[in-house]
Peer 1: 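Sharing a structure, written as C-alpha cells. Questions coming.
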Amino acid sequence: MENYLSLFTEYNIPAAFWVNIQLTFWAAIGAMVLGTILAMMRISPVRSFVTFGAGYVNIIRNTPLTIILLFGVLALYNQLGFTLAADFNQNFFNLAVMGLAIYHAAFVCEAIRSGVNTVPVGQAEAARAIGLSFLPAAREVILPQALRGSIVPLGNVLIALIKNSTVAAVSSVAIEASSVMKTMLEFRGDMIIPIFATFAVGFVIIIIPVGLLTTWLSKKLAVAR
Amino acid sequence: MSTESHSNSAKSDLTPIVKLSAVNKHYGPLHVLQNINLEVTKGEVVVVLGPSGSGKSTLCRTINRLETIDTGSIEIDGKVLPEEGKMLANLRADVGMVFQSFNLFAHKSILENVTLGPIKVKGMKKAEADKLALSLLERVGVANQKDKLPAQLSGGQQQRVAIARALAMRPKVMLFDEPTSALDPEMINEVLDTMVGLAKEGMTMIVVTHEMGFARKAADRVIFMADGQIVEEATPQQFFTNPQSARAKDFLGKLITN
C-alpha cells in the first residue's frame, strides 16, 4: 500500500488529469461551434454548403485522430512553421485542442443532425410560413429543439472526447494523463497493473458524472409535444 | 386582417389577392395538380372541398410555396412567388397559414409563438409585439394561457393560437389547411367560430376543410376538387342544393348518407 501511495508523491497524477480536462474543455467548445455550423450547412437549402458539410464529415470522421494530431505537429508546425502560441508547450497544447476540435466537430455535426430529425417537419414549415428565412428559422425554431433532442448523442461525443484527449500525447502534450502514465510505467515496473488501474479508474470517475448529467438533462430539457 | 371592416359580400377591389395560372404539379407519376386556374379577390372566402387525395391540401400549400410547382405561376397581390431566398420569405409573411397539426413552436410559450414573427420578421419592438400578441390572443380567447407551452393546451386552444400567430403578421390572405381535422369533435366549433369571425371581418381566406357547415355559413365560393382538377366552382347555396358534376353529386351524396 505504501508502495502504491508513493506513486502519488512521485508523480502529480491529478495535475495530469487536469491537463486532459483542459484539453477536453477547449476542444469541446471548438467542436461544438464548428459542429453546429457544419450541421446547419448540411440542412441548409444551399447545395454547395450541403456538399461541403457532407465532405468534411466523411473525410474527418473517417480519418484516425492520431493522424490528425500528428499532422498538426509534424506537418503544420514542423514543416510549415504554423504556430498557435509563442510559448513552446502552449503551442503544442493549442495544436492538440485544434486537432481534437476539428475531429470531434464531425461527430457533433452528426449528433445535431440526429437531433434535427427529432423536430417535426411542421415546425420548419410553420417557421417558413410566418416569413422566417433559413438562418432565423434555424436559430429560433429548429436548433433550439434539435439541441435539446441531441443531448444524449452529444454526451456520447463528449465522453469520447474526454478519452480521446489522451491521444494528445502524440502531439507532444507531455504532461497529460497517458504521457504521465507512460513515464510512470517506465520507472515503476513494480507497479504496472496498479498504474494502469489508477488511470482507468480516474477516467471512469471523470466520465460517469457526464453520462448521468446528460441523461438527466435530456429528460429535463425534453421538448413536450 | 384588413384595416377597414366590410361585409363578406363587398368586393369593391377586384385585383386578385391570389392568382393561380395554369398550375401543374406531379408527385412522380401522379399528376396531383392539373392546370389549376384560380383567382381570389380581396375579402373573399373560398372553401375548397373534395375527397381525400384530390389535391386540395397540395393546392393550399403551393400558395406559400411549402410545395413547389412544376409549371404555371402563382401571384400574391400582383407579385409572382419567387423561388427562394429573402424575397420568398417576405411574400410568405403576407400569407398566413394554419396547419392541420397546429405546428406551434413546441419550445416557446404561447405568447412567444405569436410574437416571434413580428419581432424577427418585421423588426417590431418586443413591448409592441407583446401588446399586439395579447390583443390577438384575447380575440381568439386564449390570452389567459399566454405563459404556457403549446403541449399544455388543448387542440382547439392550440389551433386558435396558431390563428393568432398567423394574424400577427397582418397577412393579406389566410390559408387554412384542414384546420379542424386533427381536433376532437367538441373542439371543432371553437375553431370554426374564430374562423367565421375572421370571415365576417373581411379577411381573405382560402380554407381546405371537410366542415360543410363552415362552407355554408362563411364561404363566398365553394371550389370542388377531384383527381387534381377543379371540377366545380359555385356559391355554397348552388353547390349544396344543385351540384352540377357527377363527382360532386357523388361526394355530397356520401356525406348526407353518413
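Letters A, B, ... mirror the listed sequences (proteins, then strands); counts begin at 1.
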Peer 1: Look at the aromatic rings of A/Phe92 and A/Phe88 and report parallel, tilted or perpendicular, splitting at 30° and 60°.
Peer 2: perpendicular

Peer 1: For B/Phe99, is it the side chain, the backbone, both or neither that has a heavy atom under 4.5 Å from a heavy atom of chain A?
Peer 2: side chain

Peer 1: Do you know which of B/Leu116, B/Val95, B/Leu149 has the most heavy-atom pairs with chain A at a distance under 4.5 angstrom?
Peer 2: B/Leu116

Peer 1: Nearest 0.5 angstrom please: A/Cys109 SG to A/Met32 CE, how far?
Peer 2: 11.0 Å

Peer 1: Determine yes or no for a side-chain-to-main-chain donor-acceptor pair under 3.5 angstrom, with A/Asn94 supplying the side chain and A/Leu84 the backbone.
Peer 2: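 Checking the backbone N and O of A/Leu84 against the side chain of A/Asn94, a donor-acceptor pair under 3.5 Å is found.
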
Peer 1: So for B/Ala106, is it side chain, backbone, both, or neither that comes closer than 4.5 Å to the heavy atoms of chain A?
Peer 2: both

Peer 1: Counting only heavy atoms not in B/Lys120, do more than 12 sit closer than 6.0 Å to its NZ atom?
Peer 2: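 Atom NZ in B/Lys120 is not crowded, with 12 or fewer foreign heavy atoms closer than 6.0 Å.
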
Peer 1: Checking B/Lys122 against chain A: side chain, backbone, both or neither under 4.5 Å from a heavy atom?
Peer 2: neither

Peer 1: In plain terms, say whether B/Lys131 and B/Glu128 are close enough for a salt bridge, that is, a side-chain N and a carboxylate O under 4.0 Å apart.
Peer 2: no

Peer 1: Between chain B and each of A/Glu140, A/Arg225, A/Arg148, count heavy-atom pairs under 4.5 Å; write down the option with the most.
Peer 2: A/Glu140

Peer 1: Let me know if B/Leu175 has heavy atoms under 4.5 Å from chain A in its side chain, its backbone, both or neither.
Peer 2: neither

Peer 1: As a quick check of understanding, evaluate side-chain contact (heavy atoms from CB on, under 4.5 Å) for B/Ile206 and B/Val48, giving each step before the final call.
Peer 2: CA-CA 7 Å; B/Ile206 298 175; B/Val48 185; 4.1 Å; yes

Peer 1: Can you say whether A/Val141 sits under 4.5 Å from chain B via the side chain, the backbone, both, or neither, judging by heavy atoms?
Peer 2: both

Peer 1: What part of A/Ala127 lies closer than 4.5 angstrom to a heavy atom of chain B: side chain, backbone, both or neither?
Peer 2: both

